[in-house]
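These notes are about the structure you will find just below.
All heavy atoms count here, side chains included; hydrogens, waters and symmetry mates do not. Below, chain A is the first sequence line, B the second, and so on; all start at residue 1.
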2 protein chains.
Amino acid sequence: MTKRTERRADALSKEKIVAAAILLLDAEGEGGLTFRALASRLATGSGAIYWHVADKGELLAAATDHVVTRAMSAIEAGGADPRDAIRTIALGMFDTIDAHPWVGAQFSRAPWQPAMLRVFEAIGARLWQLGVPEGARFNAWSTLVTYIFGAAGQNAANARLQAPGTDRSAALADIAGGWSRLDAAEYPFLRQVAPQLAAHDDRDQFLAGVDLILAGIGTVL
Amino acid sequence: MTKRTERRADALSKEKIVAAAILLLDAEGEGGLTFRALASRLATGSGAIYWHVADKGELLAAATDHVVTRAMSAIEAGGADPRDAIRTIALGMFDTIDAHPWVGAQFSRAPWQPAMLRVFEAIGARLWQLGVPEGARFNAWSTLVTYIFGAAGQNAANARLQAPGTDRSAALADIAGGWSRLDAAEYPFLRQVAPQLAAHDDRDQFLAGVDLILAGIGTVL
DNA sequence: ATATTTATGGAACGTCGTTCCATTCAAGTG
DNA sequence: CACTTGAATGGAACGACGTTCCATAAATAT
């Protein structure tokens, strides 16, 4: 008599589950993704989800893969200048992780995700095109991708621990204020750059780093 | 009659708790630090720990702070060449996070820890000493510290998800093998650098990145 | 027609961070 | 000195989580 386990009209699938997980992650942050919340959104039980997905790690990996793949498809980096192409790709990753901070956390939990391969290749291909000689190519590539994902990951951490409602510049002003009040003998440098810390824009700063690395690469061309 | 809550001979303290937490983290990894395991090691209950420590976040922050502070004290970077000093500091952080991977995870969970200030200042002071002009100083500093902590954090992630017992070169060979089998039209670059990926040493590669950024900084001197 | 696999969803298990609370001891107060 | 107050302790209990188990039903194979 119990109609407990009938077949659903809209069958579950890994794709549907991942899509719902992304909605949850974007709406409520990393902590918002629980199997109970997910089951509730999908009007099912946790057991049914586990039939399609091995565990939470696989779910997070699939969600990350989906978002990164979508972002890479949207990036148009076909211009003639390889340096501009690298800047475009780097900013694309930065903006993606900024919009989905949980992606950054996932990178620091499980690097080497399949979707990263497209990013890796895109960066490497432009370096090749730029004429970086064989001996310096791997170093140049490794430095760039490490910087890009490292910086984007740190930015995501900042975004995550930012109290909702407050804005970034207020938080930066707080930190810079602390720096300017440090001991003058022990922290002369931090005191001096405190105003720049308060005024800087994370995205511009990220790009300045990419440019500095490109300048370093320029010395071996 | 119940002797349940007598005073301890060796009174608890935040210092003792943090020390025990570090031992646990080093021995069992991030997952090994639970209030129950900690209470058992200290022969107490979780309630007593909470009297000295606000929550797990504060405990992790204190443990990280302790380890980083100790590492910075051990670093001797007094040499004449500011570039060498920067390399020494960078490698010191790399080695510290390599030895305590949970520190890397903590950085991506809560950056701006107080202990980082000493590292920040040390890097900045050497850039100043190097003669980086005012306009480029903040960019140079920001790029370096972002790279150092980003790279060390990614390295920690690799260390954490490495199956205990297996070695890094085997894991790298696996990944490189995958790269060399990628589609030749879509991934020419990754196929080409696969042998270098398999052969590289993480620490050397990290240092090569620092050198490349230093070369970039050299272009604005 | 029957057996087997695919799929479902709720209940139950074990662990975690955290809170609560009864209790004890040390330090102040008259 | 008695007595009150608050620091400190440690175990029990709470609620939420990831995960596993299981009874069931529909789809598919035999």
N/O-N/O pairs, protein side and nucleotides 17-21 of chain D side, under 3.5 Å:
| residue | atom | partner | partner atom | Å |
| --- | --- | --- | --- | --- |
| D:dC17 | N4 | A:Arg36 | NH2 | 3.3 |
| D:dG18 | OP1 | A:Leu33 | O | 3.4 |
| D:dG18 | OP1 | A:Lys56 | NZ | 2.4 |
| D:dG18 | OP2 | A:Phe35 | N | 3.0 |
| D:dG18 | N7 | A:Arg36 | NH1 | 2.9 |
| D:dG18 | O6 | A:Arg36 | NH2 | 2.7 |
| D:dT19 | OP2 | A:Tyr50 | OH | 2.7 |
| D:dT19 | OP2 | A:Lys56 | N | 2.9 |
| D:dT19 | O5' | A:Tyr50 | OH | 3.1 |

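- Summarising the geometry, the separation between CG on A:Leu42 and P on C:dG10 is reported as 12 Å, rounded to the nearest angstrom.
- The phosphate of C:dT8 (OP1 or OP2) has no side-chain N or O of A:Thr44 nearer than 4.0 angstrom.
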For residues 62-72 of chain A, please give each side-chain donor-acceptor pair under 3.5 Å, one per line with the distance, not counting sequence neighbours.
| residue | atom | partner | partner atom | Å |
| --- | --- | --- | --- | --- |
| A:Thr64 | OG1 | A:Leu60 | O | 2.8 |
| A:Asp65 | OD1 | A:Ala115 | N | 2.9 |
| A:Thr69 | OG1 | A:Asp65 | O | 2.7 |

Under 3.5 Å, side-chain donor or acceptor atoms of residues 92-104 of chain A against the rest of the protein: list the pairs with distances, not counting sequence neighbours.
| residue | atom | partner | partner atom | Å |
| --- | --- | --- | --- | --- |
| A:Asp95 | OD1 | A:Arg203 | NE | 2.8 |
| A:Asp95 | OD2 | A:Arg203 | NE | 3.4 |
| A:Asp95 | OD2 | A:Arg203 | NH2 | 2.7 |
| A:Thr96 | OG1 | A:Gly92 | O | 2.7 |
| A:His100 | ND1 | A:Asp26 | OD1 | 2.7 |
| A:His100 | ND1 | A:Asp26 | OD2 | 3.1 |
| A:Trp102 | NE1 | A:Asp26 | OD1 | 2.8 |

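- With respect to A:Glu121 and B:Arg191, no salt bridge is recorded, no charged nitrogen being found less than 4.0 Å from a carboxylate O.
- By the 6.0 Å contact criterion, CZ on A:Arg137 is enclosed, its count of non-hydrogen atoms from other residues, nucleotides or ligands being greater than 12.
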Return all side-chain donor-acceptor pairs below 3.5 angstrom for residues 31-48 of chain A, not counting sequence neighbours, or 'none' if the list is empty.
| residue | atom | partner | partner atom | Å |
| --- | --- | --- | --- | --- |
| A:Thr34 | OG1 | A:Ala37 | N | 3.0 |

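- Residue B:Lys14 contributes atom NZ, which lies 14 Å from atom P of D:dA8 at whole-angstrom precision.
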Go through the steps for B:Tyr147 and B:Phe206 under the test ring pair (Phe, Tyr, Trp, His ring centres under 6.0 Å), then give the verdict.
CA-CA 9 Å; B:Tyr147 175 82; B:Phe206 169 76; 5.7 Å; yes
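- Applying the salt bridge (Lys or Arg N to Asp or Glu O under 4.0 Å) test to residues at least two apart or on different chains, the pairs with a partner in residues 42-63 of chain B are B:Lys14-B:Glu58.
- For the pair A:Ile17 CD1 and C:dG9 C1', the computed distance is 12 Å after rounding to whole Å.
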Between the protein and nucleotides 5-7 of chain C, are there any N/O to N/O pairs under 3.5 Å, and if so, what are the atom names and distances?
| residue | atom | partner | partner atom | Å |
| --- | --- | --- | --- | --- |
| C:dT6 | O2 | A:Arg7 | NH2 | 2.8 |
| C:dA7 | O4' | A:Arg7 | NH2 | 3.2 |

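- Whole-Å rounding puts the B:Ile49 CD1 to C:dC16 C1' distance at 13 Å.
- A:Arg87 has a carboxylate O that lies under 4.0 Å from a charged side-chain N of A:Asp211, or vice versa, which qualifies the two as a salt bridge.
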